[in-house]
Amino acid sequence: MPRTIALIRGVGGPTALKMPALREVLASAGLGEVVTLQVAGNVVLDDGGRSPDEVAEAIRDAVRAAFGHDLPVLVRSHAELADAHARNPFADAAEGRWVQTVFLDAAPAVALVVPDGIPEEAVLDGREIFVRYPEGIGGSKLQAGWFEKRLGVTGTARNANTIAKLIDLSA
């Protein structure tokens, strides 16, 4: 049975979480067998019949209570994640680590306008923004925070390689 994917935004640096402790905390919150990928807030779990909003709230509350960090959480089903990956026009680019999907908490009410004269390409499609960084991500202005400010939504980005692994883990 496919599982649910939670993407915790802002994990790292001063808000770093130890993955074994995170798995234990989330399992104790009734989210079943919890698997994490990397140390960046990628979580695969059982939703226990809860809605995506209820899962996100349960994770956010558990992280706040256990670690003292109030971090946004975006939730997608296995089918939604696979669909987003299939819709990504850049997913087959050779530089998979430089292709990202910015997952949004809601579809923006405004259009995405990418500035002229930058090498990045970005496409807004529903609750996802697909971005290709042909010159690398580090120096780009088109980070999740840039999109959040302009579109009035909360988002978190994952590269194409990570998304493919999360799809496999949640199948």
Side-chain angles (χ1 to χ4, degrees), residues 2-17 19 22-23 25-27 29-88 90-91 97 99-110 112 122-131 133 137 142-171:
R3 303 180 76 213
T4 297
I5 301 91
L7 306 170
I8 305 173
R9 179 176 159 257
V11 173
T15 57
L17 304 174
M19 294 301 107
L22 177 62
R23 288 191 295 270
V25 164
L26 297 182
L31 295 167
E33 181 185 336
V34 177
V35 176
T36 55
L37 176 66
Q38 303 161 343
V39 293
N42 303 307
V43 182
V44 178
L45 49 87
D46 300 317
D47 63 22
R50 299 177 196 183
S51 72
D53 288 342
E54 290 170 329
V55 171
E57 184 178 340
I59 293 170
R60 192 169 188 165
D61 290 347
V63 167
R64 187 183 310 113
F67 304 103
H69 306 307
D70 187 17
L71 304 173
V73 179
L74 286 87
V75 175
R76 297 292 195 269
S77 69
H78 168 81
E80 289 172 323
L81 197 69
D83 176 63
H85 190 62
R87 288 184 289 116
N88 187 336
F90 313 118
R97 65 181 183 172
V99 172
Q100 288 193 339
T101 300
V102 182
F103 294 93
L104 307 173
D105 65 344
V110 297
L112 172 63
V123 175
L124 171 62
D125 185 0
R127 295 184 303 155
E128 287 85 30
I129 302 170
F130 306 112
V131 189
Y133 300 90
I137 295 170
L142 295 187
Q143 303 291 337
W146 187 91
F147 294 112
E148 287 179 324
K149 249 186 220 179
R150 279 144 188 89
L151 300 176
V153 293
T154 298
T156 188
R158 299 297 187 273
N159 72 38
N161 296 339
T162 298
I163 293 168
K165 290 175 188 172
L166 287 168
I167 290 168
D168 287 344
L169 283 173
S170 62

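Along the sequence shown, residues are numbered consecutively beginning with 1.
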At their closest point, which heavy atom of [X] faces which heavy atom of [Y], and how far apart are they?
{"X": "Asp70", "Y": "Pro72", "value": "O-CD, 4.1 Å"}
{"X": "Gln100", "Y": "Ala157", "value": "OE1-CB, 3.2 Å"}
{"X": "Phe90", "Y": "Phe130", "value": "CE1-O, 3.5 Å"}
{"X": "Leu26", "Y": "Ala62", "value": "CD2-CB, 4.1 Å"}
{"X": "Ala106", "Y": "Val153", "value": "O-CG1, 3.6 Å"}
{"X": "Gly10", "Y": "Leu71", "value": "O-CD2, 4.1 Å"}

Do [X] and [Y] come close enough that some side-chain heavy atom pair is under 4.5 Å?
{"X": "Ile163", "Y": "Asn88", "result": "no"}
{"X": "Leu22", "Y": "Val11", "result": "no"}
{"X": "Val43", "Y": "Val73", "result": "no"}
{"X": "Phe103", "Y": "Leu81", "result": "yes"}
{"X": "Glu80", "Y": "Asp83", "result": "no"}
{"X": "Leu124", "Y": "Pro108", "result": "yes"}

Let me see the working for His78 and Thr4 under side-chain contact (heavy atoms from CB on, under 4.5 Å), right down to the final yes or no. CA-CA 6 Å; His78 168 81; Thr4 297; over 6 Å; no

What distance separates [X] [atom1] from [Y] [atom2], expressed to the nearest 0.5 Å?
{"X": "Ile129", "Y": "Leu104", "atom1": "CD1", "atom2": "CG", "answer": "4.5 Å"}
{"X": "Arg158", "Y": "Ile5", "atom1": "CZ", "atom2": "CD1", "answer": "11.5 Å"}
{"X": "Leu151", "Y": "Trp146", "atom1": "CG", "atom2": "CH2", "answer": "7.5 Å"}

Let's go through Arg64 and Asp61 carefully: what are the C-alpha distance in whole Å and the side-chain angles of both, what is the deciding distance for salt bridge (Lys or Arg N to Asp or Glu O under 4.0 Å) to 0.1 Å, and is it a yes or a no? CA-CA 5 Å; Arg64 187 183 310 113; Asp61 290 347; 3.0 Å; yes

Backbone N or O of [Y] within a donor-acceptor pair of the [X] side chain at under 3.5 Å?
{"X": "Glu148", "Y": "Gly155", "value": "yes"}
{"X": "Gln143", "Y": "Ile137", "value": "yes"}
{"X": "Tyr133", "Y": "Leu142", "value": "yes"}

Are the charged groups of Arg50 and Asp47 less than 4.0 angstrom apart, N to O? no

Contacts of Thr162 meeting side chain to side chain donor-acceptor pair (under 3.5 Å) (sequence neighbours excluded), chain-then-number -> Gln38, Asn159

For Glu128, all residues meeting side chain to side chain donor-acceptor pair (under 3.5 Å), sequence neighbours excluded: Arg76, Arg87

Residue from Leu169, Leu37, Ile8 passing side-chain contact (heavy atoms from CB on, under 4.5 Å) with Asn42: Leu37

Under the side-chain contact (heavy atoms from CB on, under 4.5 Å) criterion, do Arg23 and Val35 qualify, and how do the steps go? CA-CA 7 Å; Arg23 288 191 295 270; Val35 176; 5.6 Å; no

For Val25 and Leu17, run side-chain contact (heavy atoms from CB on, under 4.5 Å): C-alpha distance rounded to whole Å, both residues' side-chain angles, the deciding distance at 0.1 Å, then the answer. CA-CA 11 Å; Val25 164; Leu17 304 174; over 6 Å; no

Residues at least two apart in sequence or cross-chain that pass salt bridge (charged side-chain N to carboxylate O under 4.0 Å, His left out) with Arg150, listed by chain then number, are none

For Glu54, I'd like to know if atom CD has over 12 heavy atoms of other residues, nucleotides or ligands within 6.0 Å. yes

